[in-house]
S.K.: 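Sharing a structure with you now.
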Amino acid sequence: MAFFVARRLLYLVPVLIAVSLLTFSIASLLPGDLAYTILGDQATPENVAALRRDMGLDQPIWWRYLSWLGGVLQGDFGRSFRTGQTVLQAVGERLPVSIELMLLAQLGALGIGVPLAIICAARSGGSFDRFMTGTAFGMLSVPTFLSAILLIYFFAVELRWLPATGYVPFAEDPAANLRFMVLPALTLALAEWPSIMRVLRSDMIATLQEDYIALAKAKGLKASRILFVHALKPSSLTLVTITGINIGRLIGGAVIVETVFALPGIGRLLIGAILTRDLIILQGVVLLVGAGFVIMNFIVDLLYAVLDPRIRHGHA
Amino acid sequence: MATLELDVAEEAVSQAARKGRRLGLLFWAAIGWMTFVFAVAVFAPVLPLPSPTDMDMLERRAPISAEHWLGTDGLGRDELSRLVYGARISLVVGLCAPIIGLTLGGALGMLAGYFRGRFESTVVGSMDVLLAFPPLILALAVTAYLGQSIFNLTCILGVLGVPAFMRVARAATLTLARREFVIAAQALGATHARILLRELLPNVILPLFAFFLLGVAVTIVVEGSLSFLGLGVPPPISSWGSMIGEGRESLDVAPRLAFMPAAAMFLTVLAFNLVGDTLRALTDPRQGAL
Amino acid sequence: MLSVEDVTVNLPTPRGNLRAVDHVDLTVGAGRTLGVVGESGCGKTMLSRAILQLLPKKAKLSGRVMFDRQDLLRLSPEKLRKLRGRSLAVVFQDPMTSLNPVLTIGTQLIETLQEHLELDDAAATRRSVELLAAVGIPAPEQRLAQYPHQLSGGMRQRVAIAIALSCEPKLLIADEPTTALDVTIQAQILDLLAREQRRRHMAMIIITHDLGVVAGRTDEVAVMYAGRVVERAPTPDLFKKMRMPYTEALLAALPRLDAAPHTPLPAISGRPPDPTRPLRGCSFAPRCRYAVARCQAEKPALEAAETSAHQFACFHPIEAHAGADV
Amino acid sequence: QKAGGSITVGLELDIPGFDVLKVGVYDTAALTASSALFDTLTYLDANGKPQPKLALSWEPSEDFKMWTFKLRPGVKFHDGTPFNAEAFKANFDRQKDPANKCRCAFYISNVNNVQAPDELTLVYNLNDPSVNFPSLVSYASQTNAVHSPTAWKSKGEEYNRNPVGTGPYILKSWTAGDRMILEKNPDYWDKDKVYFDRITLKPLPDAQSRFASLQSGEVDLVWDDEYSADNIQKAQKDSKLTVHTYEGSGAQVYAFNTKVAPFDDIRVRQALVMALDRKKMSQAITNGLSRPASNPYGDGSWVKCKDDGALPEDLEKAKALIKDYGKPVEFKMLVTATPRGRMVGQVLQQFWKRAGANMEIEQVDQATIPPRAFMRQFQLTPWRIVDLADPDIQMYSNFKTGSPVALANYSNPELDKLLDHARVTADTNKRIDDYCAISRLINKEAIWFWTFQNTYYAISTAKLKGLPKMYSGMIDVSRAWKE
Amino acid sequence: MMLQSVPSISPGPLLKVDDLVVEYPVGPKIVHAVSGVSLQIARGETLGLVGESGCGKSTLGRAVLQLRRPTAGRVLFDGQDLTEMHGEALRRMRQRVQLIFQDPIASLNPRRKIGDIVAEPLVIAGVKDPEKRKQLVYEMLSAVGLDPTLVVGRLPHEFSGGQCQRICIARALVLNPEFIVCDEPVSALDVSIRAQILNLLEEMKGRFGLTLLFIAHDLAVVKAVSDRVAVMYLGRLCEVGPSEQLFAKPAHPYTALLIEAIPVPDPDVRPTETVPVGEPPSPIAPPSGCRFRTRCPRADQRCSDEMPELRAVAPGQLVACHHPLI
Ligand SMILES: Nc1ncnc2c1ncn2[C@@H]1O[C@H](COP(=O)(O)OP(=O)(O)OP(=O)(O)O)[C@@H](O)[C@H]1O
Ligand SMILES: Nc1ncnc2c1ncn2[C@@H]1O[C@H](COP(=O)(O)OP(=O)(O)OP(=O)(O)O)[C@@H](O)[C@H]1O
Ligand SMILES: [Mg+2]
Ligand SMILES: [Mg+2]
């Protein structure tokens, strides 16, 4: 196990370097010169040149990358030129929001998708199955920017059950925090459960045809135990994979949902950094989010091993 | 061996009979809808439709009328015409981007799953990089740098889909490459290329195809989201996704502007999947064997 | 104990209706062993699943399966569930796939015990260890925490048998319990089953195509062909006085240890009819060397031979001793 | 009037910070915060007249090139630092210092220096006469808000997000991207006129959900603009909501790059301007809420022209001009990648298509427009003339030859002369003449064109009272109350 | 070694395996699947290879064909060392040696038509002319008893196990190879299909003068087809000898055990309950010395200290045992 973890950690390094290199080069290629952005109306050629020199923008890109990387290795991710916040501060403030949103959204998506998938698989081809297939694709066709506003109109404006926008940190008031998070998480969950449902359903159908399920029935076990204990676990590898990818993506923020619900998450930080060409923030966030993704991948691999002892014991 | 011949002949007949019977009403409805959408999209320029970009600025969000069958949108353009022209974009993007993912990701995944070793690590690693990299930045960088066009958009969405297709293809190849028929081909002295193309591809394509169908739906929606963020198709071209985005602005006044393109998308995506599922069932040997 | 009366299994398939089991009647008494033999695909497994009510969802089953004076077909699902595993146990064809790969041996054993016998954890664990020891698995305590893939094929098959025996069933159906195993392990497993049967007076159905196993381990044999039972007899009678040409052909096709190498085997030519398009006449007729016009046109019914225990379905039965010189 | 309670304000943007050296310019969101955190020398009353705030009185010199302010005694910053002329001068010098390269320096280019002859006297020395100077310093912008010098020195990098002023509210807490909580300053010099105990400012970037938040009662006031015309009109009909409007000066404008084809030809530029039907356009994008503009000053400005030289709306003429030009007219226009940016772009495109010109929309994010404009990498770009009390600063920089913001790349000695003259003239009427001449010249040359005048909107619950006029679009809730 | 004493039908062995070792890495551990096996097969001869499940029979067969590269040892085919061959040379050599897989259905690509599958070796061998290919494929399919016109256009799943096996054989034979490894071609099939296939192989042997390595764990089957039989246990050869002789007088205790455990298809011969012989040891940590010693009734200290070498005990019969039965 230690071997496994160590190898994974080693793997993290090249991936993160590649991610940061990619970000750095892409960000440097983005049109819109930072010096012009900062100087604005003051952007005379001399001022621009002077500022570029001060900020080191006149250095070759590889040099800038290396000096940035050097800072990162010493734990200094840099500061935003705009807000003066350090990257760690900025990410530290927003990461809990994104993580909470991601967790709740996944819980919601799994909470809707998994039971439905199990029921559909148990009655595949039946009318319920067909109906849910239709519903799933219906849901898939509603973009989050639309479902978000519909949910707001319905639950916040009409029913007044839940707040429309905003956020309260969990530490401050857990109940209020949850009230604020319900709608955004639901929006994401609604967009995600269809694929979870489809994937798990088809894996479950395959599993339910296995001999060991027939044996479980022959043993006289209850249907619920057969479905949830005997069938779900061996069917969930793909599910775990896509959930892992989704989670990885959501750590990087859900820009649209965060914007519509005004959540101070990583997504808005990231898009804000892109729009203002705040490269230091952009770089730092991408690196940290990338690390998050790789760690998520790592957890997914561990989960594989938990779910399937054959993987755990090294049988291919 | 007389009986054998008899059996075989009989089976051939039953097979033909089977195809006709299996496809239900739903399948034909789905085929009908798909044909309709495709035809309308292809022949849009010759259909008697008003221009999708001509505005009647004083007639915004006009209700359904003889002149505008589905009313007008927020800028007074004919909604029906925009839906029809939007179908062209959504179909092109929704089909081409997953095709890019399918071919690129499929090829990489197959090669990685077949050759294993360092090549596999490299492919998986670079896909992880792509996944770990925020897609929005890629989209922004490409549109900002190469300009906004349907081609670029399709490429971005295609590239973003590559890792997922790669995973699916690799997973399938990994199990298939151990199967006896692949070893049998090796035993016959087949080259790697031949094994990949003749033995593995026909088998890997199935799960990939299933994934592709889901990908079509996701891509059409993601295109909408990118349009919403200003990274989608350049205006005044319409796509279903961008129309939903525009319709969102008048949700209060004319909700149909958001819901009609969503419904078109839903029906199309559903039709694709129904047809895909049915075709898959028909060509799946295991189902046929029962 | 068990009587199968006029059981028919129809499977709707894309190619048409597939009659996997065709009007089968069987009985097994307590303490007795019935062997079922027949060509691959003739419906042996389907028959066993029909008895257990474990057919594929779309399958249509008719007839009566009387077990302990209850008709299993008409039992409520809940009652059936209580019966399965408790009084009616099964060992499936393939030991490699019939254990859940992601659950430990212990879990799979204990859950059955707890489901039916309402034992507490400690008691169930104790009983599981006993069971594993009884089927001859060394170090049973450690095995409980292991997963199926950590055991060899023979051990897996024995675990499956342990599960089947765990609640001391009245009837055990073993579907090709040893096909995948080599002869030494096969012998061990069959010995084990025989011991258990003797100890508890359990009824047993062994499905196999190894006629050696049938000869040594069963009291009675049913020969199936294309979904039908074509001959039923006490084991010695079948080998000595078979009446059905198919049985004869089956026995003749067996390679003999005492024959010289390179002796050609009298194989049955052709193959069984497509189960989706049953023949009008005897289903073996196209391959039968005795077949006449009547065989093509009319289906022979199962008739008693000299004793009521020996039945066969053929218009031209082989006269006693015709092919039996084993 | 009820003291106490709190207000939650939904703003469009996330405030980056308050340190002028960092943020350069305060946006609409920052202005709402800064009007509560900071004080300015003066404020404008309901009639637009400057009234004392930190300054008790003021006096111009003869030539309006020197203004002397007497400061309010006994005022302290939130951190206890006393407010005095020295502190004010420190603020000014910090912005003016060339070493700091502050973007804000642009807005004080007319001020040569500030002197603090004594504790409570402040002297502004201007380069050019300014008659309206006390009005210009009323607006709580980056240049006028007074920060505590000790705070910015001691906090360094952190000052940006920990601003300290003399204003009626003190920054209590601020979560980036989320809430900024301001609490009433108990030591405020004018605390009797400050009612809310607490102000919460939230960035709500999405217009639809921002309005929904107001409807659902989570916020009491939201920033808005005419592009959410549906919401504004809905609110106008809703007795539970009040729509606050201010018709400001300035306009939404567009600049042609006259150095590149096809805009190097005046016929093309004129044709495009004449092809516009602003009324229809207003109808199409804002349900008619937008007020057409024919000059850069607007109804809210004191510059009122009998003849601003606006080109007539004449599609036929436009077609003729384009035909006359001979070559096909094809160009790209920069458009912000927002729903409203796309909407305006498409409408303009439609007008020009009718005139026979082919415009392609180039969507870029907001941050790309200024650098591209300054580098002149565009053919046609949107711009804005913001609402300032005096047109000089913007007109001069927008049209004077050689200014970085003279986006049209257009040089005309006569225009330069007029701009210079208007700048140094003290007499308002003469200046009006100059500005009208400038307007006529620009309109005739069609180097820039204007579509709509600036109108500012805020929507609040009907209970909210005492909201001052939104001069320059600034929503100041620091002296409002709820009934 | 003592190979000179093995009788061969034609001068010079066609295949000579020298001290072959094959290992599979499993995680950090190593499975010793084949450990030092030497044997040779003469032209036109059939060597039967038996042994319990998992003892390395398939691995040996595959290593001979270089489908699994051996860890050590040499495989001389017609004088050429296959282990030294790579790339193009190996591909060309593969046209002369073929493999019939253990599981016929799995070894056919479920998505390719039978015609393409059988023509595949021809395409690979560079037979460009489609007409020629078609002709060869048709001939071969007829030779294995399938009607080419009805078969070529269909997919494998439309065929029964026996038919698939024949298709595999057709594929293996279409290039007229000199040597075929048949890996348990019949163990999963029922008696009648088994007989068909065994007959077919015999017939092919007569027609084409094939040399066969015939792997199985059914001893009766092995005896029916082989000239000589080799017995494997846990990766090592324990006995080699002419089949009649070996079955009549096994020299190795394991061979004896195997033969004893064969169920006899005769109801009069009731199986004796054998003493439990214990679990086969794991190939990951094989016992020292003689690998069979853990289950051998005759084992003593020497067996665990010293690895027995193959030595002749009778003409043509070699055994690796310190205490042979003869
Ligand atoms: N799920 C199913 N759907 C449709 N047909 C099936 C299904 N399972 C089995 N069959 C068919 O039913 C028939 C009987 O199958 P069954 O499994 O009972 O044969 P068997 O006698 O057990 O064969 P074997 O010896 O190979 O195990 C076969 O023709 C088979 O193809
Ligand atoms: N790819 C592999 N990776 C790891 N171990 C393997 C692999 N293939 C086979 N083995 C192991 O090698 C040993 C020999 O396997 P092999 O398949 O050669 O046995 P066999 O004699 O053919 O058995 P069977 O009669 O069941 O076919 C077994 O212990 C098996 O578990
Ligand atoms: Mg079976
Ligand atoms: Mg094998």
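Throughout, protein chains are lettered first and strands after them, A, B, ... in sequence-line order, and every chain is numbered starting at 1. Since we're looking at a predicted model, the values are computed, not measured.
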S.K.: Tell me, yes or no, whether the heavy-atom count around Phe36(B) atom CZ, taken from other residues, nucleotides or ligands under 6.0 Å, exceeds 12.
M.R.: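 Result for CZ/Phe36(B): open.
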S.K.: Tell me, side chain or backbone of Ile242(A) under 4.5 Å from chain B's heavy atoms, or both, or neither?
M.R.: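 Ile242(A) has no heavy atom closer than 4.5 Å to chain B.
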S.K.: If we only count heavy atoms from C-beta on, is the Arg248(B) to Val260(A) side-chain gap below 4.5 Å?
M.R.: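 They are in side-chain contact.
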S.K.: Looking at Thr238(A), Thr144(A), Val294(A), Ile245(A), which one has more heavy-atom pairs under 4.5 Å with chain B than the rest?
M.R.: Ile245(A)
S.K.: Of the backbone (N, CA, C, O) and the side chain (C-beta and beyond), which part of Phe259(B) lies under 4.5 Å from a heavy atom of chain A, both, or neither?
M.R.: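 The side chain, not the backbone.
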S.K.: Between Thr259(A), Leu150(A), Val199(A), which shows the greatest number of heavy-atom pairs under 4.5 Å with chain B?
M.R.: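 Looking at each of Thr259(A), Leu150(A), Val199(A) in turn, Leu150(A) comes out on top.
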S.K.: Report the distance from atom CZ of Phe133(B) to atom OG of Ser20(A), rounding to the nearest 0.5 Å.
M.R.: 10.5 Å
S.K.: Are Phe137(A) and Leu214(B) side-chain neighbours, meaning at least one heavy-atom pair lies under 4.5 Å?
M.R.: yes
S.K.: Mind ranking Asn273(B), Val222(B), Asp252(B), Leu138(B) by heavy-atom pairs under 4.5 Å with chain A and telling me who comes out on top?
M.R.: Asn273(B)
S.K.: Compare every heavy atom of Leu22(A) with every heavy atom of Val129(B), then report the nearest pair and how far apart it is.
M.R.: CG1-CD2, 4.2 Å
S.K.: Between Leu267(B) and chain A, which part of the residue has a heavy atom less than 4.5 Å away: side chain, backbone, both or neither?
M.R.: neither
S.K.: Between Leu251(B) and chain A, which part of the residue has a heavy atom less than 4.5 Å away: side chain, backbone, both or neither?
M.R.: side chain
S.K.: Examine whether an atom of Ile256(A) lies under 4.5 Å from a heavy atom of chain B, and if so say whether it belongs to the side chain, the backbone or both; otherwise answer neither.
M.R.: side chain
S.K.: Any idea which heavy atoms bring Ser141(A) and Ala262(B) closest together, and the distance?
M.R.: CB-O, 3.9 Å
S.K.: Are any non-hydrogen side-chain atoms of Leu229(B) and Phe145(A) less than 4.5 angstrom apart?
M.R.: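 Not touching, per the 4.5 Å side-chain cut-off.
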S.K.: Given side chains that start at C-beta, do those of Pro134(B) and Val286(A) come closer than 4.5 Å, heavy atoms only?
M.R.: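 Result yes, sub-4.5 Å side-chain heavy-atom pair found.
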S.K.: Closest heavy-atom contact between Pro143(A) and Val221(B)?
M.R.: CA-CG1, 3.8 Å
S.K.: For Glu210(A), check salt bridge (Lys or Arg N to Asp or Glu O under 4.0 Å) against everything at least two apart and list the hits.
M.R.: none
S.K.: Looking only at heavy atoms, which two atoms of Leu270(B) and Gly134(A) are closest? And how far apart?
M.R.: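 Looks like CD1-CA, 3.9 Å.
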S.K.: Indicate yes or no: at least one non-hydrogen side-chain atom of Leu140(A) is less than 4.5 angstrom from one of Met265(B).
M.R.: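 Side chain of Leu140(A) against side chain of Met265(B), heavy atoms only: no contact under 4.5 Å found.
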S.K.: Does Arg130(A) CZ have over 12 foreign heavy atoms under 6.0 Å away?
M.R.: no
S.K.: Given that the side chain runs from C-beta out, which part of Ile271(A) has a heavy atom under 4.5 Å from chain B: side chain, backbone, both or neither?
M.R.: side chain
S.K.: With the side chain counted from C-beta on, respond yes when Val255(A) and Leu136(B) share a heavy-atom pair under 4.5 Å apart, and no when they do not.
M.R.: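 They are in side-chain contact.
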